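Below, all heavy atoms of this structure are taken into account, side chains as well, without hydrogens, waters or symmetry copies. All figures in this text were calculated on a predicted structure; none of them were measured in a lab. Sequence lines set the chain letters: A, B, ... in the order given, protein chains first and strands last, and positions in each chain run from 1.
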There are 2 protein chains.
Amino acid sequence: MSTAPAPRREIPDATVARLPVYLRVLRTLLADGVDVVSSEELAEAAGVRSAGLRRDLSYLGSYGVRGVGYDVARLADEIARELGLTQDRFVAIVGMGNLGHALAAYSGFATRGFEVRWLVDNDPAIVGTQIAERCVVALEELTRQDPDGLIVVIATPPAQAQDVADAVVAMGVRSILNFAPCVLTVPDGVEVRKVDLATELQILAFHEQRGRDDLREVNP
Amino acid sequence: MSTAPAPRREIPDATVARLPVYLRVLRTLLADGVDVVSSEELAEAAGVRSAGLRRDLSYLGSYGVRGVGYDVARLADEIARELGLTQDRFVAIVGMGNLGHALAAYSGFATRGFEVRWLVDNDPAIVGTQIAERCVVALEELTRQDPDGLIVVIATPPAQAQDVADAVVAMGVRSILNFAPCVLTVPDGVEVRKVDLATELQILAFHEQRGRDDLREVNP
DNA sequence: AGGCGCTTGTGAACACCGGCACAAAGTCGC
DNA sequence: GCGACTTTGTGCCGGTGTTCACAAGCGCCT
Ligand SMILES: NC(=O)c1ccc[n+]([C@@H]2O[C@H](COP(=O)([O-])OP(=O)(O)OC[C@H]3O[C@@H](n4cnc5c(N)ncnc54)[C@H](O)[C@@H]3O)[C@@H](O)[C@H]2O)c1
Ligand SMILES: NC(=O)c1ccc[n+]([C@@H]2O[C@H](COP(=O)([O-])OP(=O)(O)OC[C@H]3O[C@@H](n4cnc5c(N)ncnc54)[C@H](O)[C@@H]3O)[C@@H](O)[C@H]2O)c1
């Protein structure tokens with residue numbers, strides 16, 4: 001039998017989804033001069049339970065000190081490394097409409113380690129113009145670039161989103177963040193995450209209605 | 001004394017999160033003149049497995065016809081009812097910066113049954129101006145309104161998000177959609193959902209790195 | 001040095017969720 | 001009217017995620 005020399009730590013998806021939150025809180029603490037934090041305090045600040053937090057962190061290794069807590073700088077580095085933020089990551093925003101403009105002006109990309117390198121649109125009136133001190137290029141221009149480490153953000157109308165996805169997948173992109181309210185079909189090995197505003201609102205509406213029904217149940 | 005601390009949930013959260021997708025697909029089908037759809041076709045269009053789709057729909061009741069499929073209009077109505085979209089829902093957008101402008105101009109609210117009724121900012125230079133044919137009001141103005149059926153979208157910088165949340169919770173709002181990258185603390189009974197761009201990108205970065213590691217393992 | 005108090009890391013139990021496979025239940029053709 | 005065909009609704013199971021509870025480990029104080 002093959003000896004499993006590298007105990008490949010498979011980190012659960014649910015944990016991966018929380019690591020960015022921990023990282024953000026840790027960097028805030030670091031900026032405030034805090035150098036050690038307990039799981040209880042960190043969990044409070046991250047809005048999770050301490051037991052869950054400790055289990056999440058245990059997937060990264062044993063970076064805590066019993067009786068003391070976690071070294072803030074060390075833990076932040078470990079999470080950043082695990083998330084793949086040690087190497088440079090680039091972002092291309094496709095679709096320079098209302099949303100694309102807001103995204104292009106958003107400073108949160110740079111502060112989290114993502115460089116917005118390309119702004120893309122296919123409207124001839126927009127291509128070549130400057131947005132947020134950056135030149136807008138055509139989609140054909142983007143597809144000639146190196147896809148390594150590139151994340152494509154789709155902010156086109158839903159009818160064009162699949163075409164854009166097909167084009168960037170063909171160039172080798174394997175990470176897509178989709179703002180268009182539609183289902184994207186991509187080959188295996190390509191990861192799509194979606195941000196759907198209407199879905200979020202409808203989930204909120206559901207819970208609000210359920211809350212009201214619960215009240216009626218007790219107080220008819 | 002206090003019994004049943006865990007509220008018996010009729011519909012699982014995972015199902016609720018998918019219902020809006022089904023609803024969107026169903027309305028597209030309806031617009032295309034399709035009046036009956038099988039679980040296989042609907043699942044394909046929604047990007048899920050047919051068995052899972054059928055289980056999701058089974059929580060709403062038995063609205064399908066064996067051997068035939070689901071009546072598109074009927075099913076759309078049932079989902080809309082379950083999501084609480086039969087009663088009017090209103091949205092207030094707080095923070096009229098880059099993102100707030102894009103949201104105010106977004107037509108997707110209205111087409112999904114949400115009326116953007118208030119645009120809010122606390123910058124005196126912005127209050128009173130018109131954005132997307134709507135007048136911007138101060139936060140104090142919003143907090144005097146009826147919170148029933150109101151969903152508050154927070155698009156302020158993170159440092160002000162908690163204050164805004166506190167203010168709208170105090171007026172009785174129980175549903176908040178938070179775009180600011182920070183943890184909001186709210187009382188029980190108030191639901192907060194967050195949209196965090198950097199988190200999404202970092203999750204994508206993690207998977208992209210993991211994919212590359214997997215390749216190295218096979219091809220060093 | 002050794003005990004004591006604090007916090008981590010984790011075993012175990014439990015709840016949840018997704019997928020398979022199939023019986024039940026309906027339609028359609030004749 | 002009836003059998004063949006189609007599709008739904010669900011029992012079941014394995015995998016995932018969450019929580020409790022506590023032993024193990026570390027530093028500090030005496
Ligand atoms: N505006 C918002 O606040 C908001 C919020 C959530 C989701 N969305 C979604 O985001 C998407 C964009 O919204 P918007 O309001 O910015 O729309 P918009 O119409 O203002 O902008 C769309 C832009 O995409 C460009 N485009 C179209 N096809 C393209 C292609 N094939 N390649 C490159 N560029 C292309 C157009 O030229 C246009 O500039 C939509 O799908 C919308 O549903 C928007
Ligand atoms: N711009 C984007 O694409 C984007 C994307 C994701 C997340 N975000 C987040 O969304 C938030 C807004 O981003 P932005 O780029 O629009 O920022 P911005 O600075 O352009 O706008 C913030 C607005 O909020 C207003 N504001 C501040 N405090 C307020 C208060 N107490 N009550 C009411 N209004 C208040 C300000 O007057 C300003 O108009 C930020 O938290 C940002 O991190 C933005």
Side-chain angles (χ1 to χ4, degrees), chain A residues 7-22 25-26 29 34-72 74-76 78-79 82 183 188 203 206-207 210, chain B residues 4-19 21-22 25-26 29 34-72 74-76 78-79 82 203 206-207 210:
Chain A
R8 176 164 274 280
R9 295 181 295 258
E10 191 148 338
I11 303 184
D13 285 345
T15 295
V16 173
R18 283 185 292 265
L19 290 180
V21 179
Y22 303 155
V25 173
L26 285 168
L29 292 173
V34 180
D35 52 358
V36 171
V37 70
S38 72
S39 64
E40 202 68 52
E41 298 164 330
L42 188 52
E44 163 77 19
V48 300
R49 307 270 179 189
S50 63
L53 171 69
R54 289 197 300 275
R55 182 167 303 279
D56 284 342
L57 297 184
S58 75
Y59 291 115
L60 308 182
S62 287
Y63 298 122
V65 180
R66 293 169 192 238
V68 178
Y70 299 88
D71 182 285
V72 176
R74 173 83 188 285
L75 189 54
E78 292 298 339
I79 292 177
E82 199 64 54
V183 177
D188 285 349
I203 294 171
F206 170 83
H207 284 111
R210 202 178 66 86
Chain B
R8 262 287 161 218
R9 215 172 327 215
E10 193 179 304
I11 302 184
D13 283 345
T15 295
V16 173
R18 285 184 292 266
L19 290 180
V21 179
Y22 304 155
V25 172
L26 285 167
L29 292 174
V34 180
D35 52 358
V36 171
V37 69
S38 72
S39 64
E40 202 69 53
E41 298 163 329
L42 188 52
E44 163 78 18
V48 299
R49 307 275 178 189
S50 63
L53 171 70
R54 289 198 300 275
R55 184 172 300 278
D56 283 342
L57 297 184
S58 74
Y59 291 114
L60 308 182
S62 287
Y63 297 121
V65 179
R66 294 171 191 233
V68 178
Y70 298 88
D71 182 285
V72 175
R74 173 83 189 284
L75 190 54
E78 292 298 338
I79 292 177
E82 200 63 52
I203 294 171
F206 171 83
H207 285 111
R210 203 176 62 85

Does B:S38 place a side-chain N or O at less than 4.0 Å from the phosphate oxygens OP1/OP2 of D:dT7?
-> no

Numerically ordered, the residues 40-47 of chain A set in heavy-atom contact under 4.0 Å with DNA chain D is none

For A:T15, the side-chain contact (heavy atoms from CB on, under 4.5 Å) test, sequence neighbours excluded, returns A:I11, A:P12, A:R18, A:L19, A:D56, A:Y59

Practice prompt. Evaluate the side-chain proximity of B:L75 to B:L42: yes if any heavy-atom separation is below 4.5 Å, no if none is.
Written response: yes

Nearest-nucleotide check on DNA chain D, A:V68 vs A:R18; residue mapping nearer the 5' end is A:R18

What one should report as the nearest heavy-atom pair of A:A43 and A:R49 is CB-C, 3.7 Å

A:D71 CG to D:dC26 P, in whole Å, measures 16 Å

From CD1 of A:I11 across to C1' of D:dG15 the rounded distance in Å is 18 Å

For the base of C:dG19, is there a side-chain donor-acceptor partner from B:R54 under 3.5 Å away?
no

Rounded to whole Å, CG of B:L53 lies from C1' of C:dC17 at a distance of 15 Å

(message) Using side-chain contact (heavy atoms from CB on, under 4.5 Å), reason through A:L26 and A:Y70 one step at a time and then give a plain yes or no.
(response) CA-CA 10 Å; A:L26 285 168; A:Y70 299 88; over 6 Å; no

Separation of D:dT8 atom P from B:L75 atom CG, nearest Å, is 11 Å

To the nearest angstrom, the OH-P distance between B:Y59 and D:dG9 comes to 13 Å

Taken to the nearest whole Å, CG/B:D56 to P/D:dT8 is 14 Å

Of D:dG9, D:dC20, C:dC17, the nucleotide closest to the side chain of A:A51 is D:dC20

Those residues at least two apart in sequence (or on a different chain) that pass salt bridge (Lys or Arg N to Asp or Glu O under 4.0 Å) with B:E78 are B:R74, B:R81

Notebook entry, point to check: A:Y70 side chain N/O closer than 4.0 Å to the phosphate oxygens (OP1, OP2) of C:dG9?
Noted result: yes

Is it the case that the base of D:dT8 and the side chain of B:R66 share a donor-acceptor contact (distance under 3.5 Å, atom types as modelled)? yes

Between OH of B:Y22 and P of D:dT8 the distance, given in whole Å, is 13 Å

Between CZ of B:R49 and C1' of C:dC20 the distance, given in whole Å, is 11 Å

Presence of B:R55 side-chain N/O under 4.0 Å of C:dC16 phosphate oxygens OP1/OP2:
no

Counting the atoms with a prime plus P, OP1 and OP2 as sugar-phosphate, which does B:T15 contact under 4.0 Å by heavy atoms, base, sugar-phosphate, or nothing? nothing

Side chain proximity check, B:Y63 to B:L57, heavy atoms < 4.5 angstrom: no

### Query
Under 4.0 angstrom, heavy atoms only, what part of the nucleic acid is B:G52 near: base, sugar-phosphate, or nothing?
nothing

Heavy-atom nearest pair, A:V183 first then B:A45, reads CG2-O, 3.3 Å

